[in-house]
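Worksheet for the structure shown next.
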Amino acid sequence: MIGHEYFMRLALKEAEAAFKKGEIPVGAVIVSEEVIIAKGHNQTEALDDVTAHAEMIAITSAANAIGSKYLRNCTLYVTLEPCVMCAGALYWAQIGRVVYGATDEKRGFTRVGNLLHPKTELIGGILQEEAESLLREFFRKLR
């Protein structure tokens with residue numbers, strides 16, 4: 001069985017791709033039965049679209065990959081705790097599990113309560129230090 005750290009490292013690679021493009025470094029992968037079916041990273045600047053978060057891009061790609069809007073048997077690995085918008089999309093997709101790295105103290109969905117589907121499992125803090133380090137480096141370069 002492949003562990004959470006393995007897939008979170010792949011999400012971190014997506015976050016690094018965002019970083020290199022000048023996007024806030026958040027990356028995501030969606031896994032079904034230990035197979036990656038989708039991945040994405042933030043593209044809000046490139047697409048001039050505030051909804052182009054890593055999670056949203058990965059959700060759309062995963063739904064296309066499996067031919068269903070429901071992702072009940074899937075796990076999302078994302079480097080930063082999802083925002084309220086992304087948590088809402090994850091609710092509607094009925095994703096089976098969300099695993100995130102860094103907590104988002106300002107905009108994370110857990111600030112307002114659990115917005116995920118009641119059957120969705122939530123795991124936080126996987127490779128948190130690596131995810132936080134990438135975010136700190138990005139914002140340090142902006143200042």
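Residues Phe139 and Leu134 are members of one and the same hydrophobic cluster, defined by side-chain heavy-atom contacts under 4.5 angstrom among Ile, Leu, Val, Met, Phe, Trp and Tyr. Val29 and Ile37 are not part of a single hydrophobic cluster, where members link through side-chain heavy atoms under 4.5 Å apart. Each of Val26 and Ile126 belongs to its own hydrophobic cluster when Ile, Leu, Val, Met, Phe, Trp and Tyr are linked at side-chain heavy-atom distances under 4.5 angstrom.
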Please assess Glu5 against Met8 for the test side chain to side chain contact (heavy atoms under 4.5 Å, CB included), listing each intermediate value before the final yes or no.
CA-CA 5 Å; Glu5 287 188 7; Met8 189 60 75; 5.5 Å; no

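Remark: side-chain polar atoms of Asn114 are paired, donor with acceptor, to backbone N or O of Leu116 under 3.5 angstrom. Put simply, the side chain of Arg111 gets close to the backbone of Glu105: a donor and an acceptor are under 3.5 Å apart. Within the 3.5 Å criterion, the main-chain N or O of Glu55 finds no donor-acceptor partner in the side chain of His53. The closest donor-acceptor contact from the side chain of Glu23 to the backbone of Glu45 lies under 3.5 Å.
Remark: Arg107 CZ is loosely packed, at most 12 non-hydrogen atoms of other residues, nucleotides or ligands lying under 6.0 Å away. Annotation: Glu129, atom CD; neighbour count of heavy atoms from other residues, nucleotides and ligands within 6.0 Å does not exceed 12. Counted within 6.0 Å of CD on Glu33, heavy atoms from surrounding residues, nucleotides or ligands total 12 or fewer; the atom is thus considered open.
Closest of all the heavy-atom pairs between Gly40 and Ile57 is CA-CG2, 4.1 Å. The minimum heavy-atom distance linking Ala58 with Ala28 is given by the pair CB-CB, 4.2 Å. Nearest heavy atom pair, residue Leu135 against residue Ala102, reads CD1-CB, 4.4 Å. Closest approach of Ala52 to Leu47, counting heavy atoms only: CB-CD1, 3.9 Å. Taking both residues in full, the closest heavy atoms of Ala38 and Ala62 are given as CB-N, 3.4 Å, listed atom of the first, atom of the second, then distance.
At a cut-off of 3.5 Å, with distance as the only test, a side-chain donor of Thr51 or Asp49 sits close to an acceptor on the other residue. For the residue pair Lys13 / His41, no side-chain donor-acceptor distance below 3.5 Å is found, with atom types taken as modelled.
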Would you give me the side-chain donor-acceptor pairs under 3.5 Å for residues 70-99, sequence neighbours excluded?
residue	atom	partner	partner atom	Å
Arg72	NE	Gln94	OE1	2.7
Arg72	NH2	Gln94	OE1	3.1
Thr75	OG1	Arg97	NH1	3.1
Tyr77	OH	His4	ND1	2.8
Thr79	OG1	Gly27	N	3.1
Glu81	OE1	Asp104	N	3.1
Glu81	OE2	Phe109	N	3.2
Glu81	OE2	Thr110	N	2.9
Glu81	OE2	Thr110	OG1	2.6
Arg97	NE	Glu121	OE1	2.9

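Considering Ile2, Leu127, Ile30 as possible partners of Phe7, the one that fulfils the side-chain contact (heavy atoms from CB on, under 4.5 Å) test is Ile2.
At least one side-chain heavy atom of Glu137 sits under 4.5 Å from a side-chain heavy atom of Phe19.
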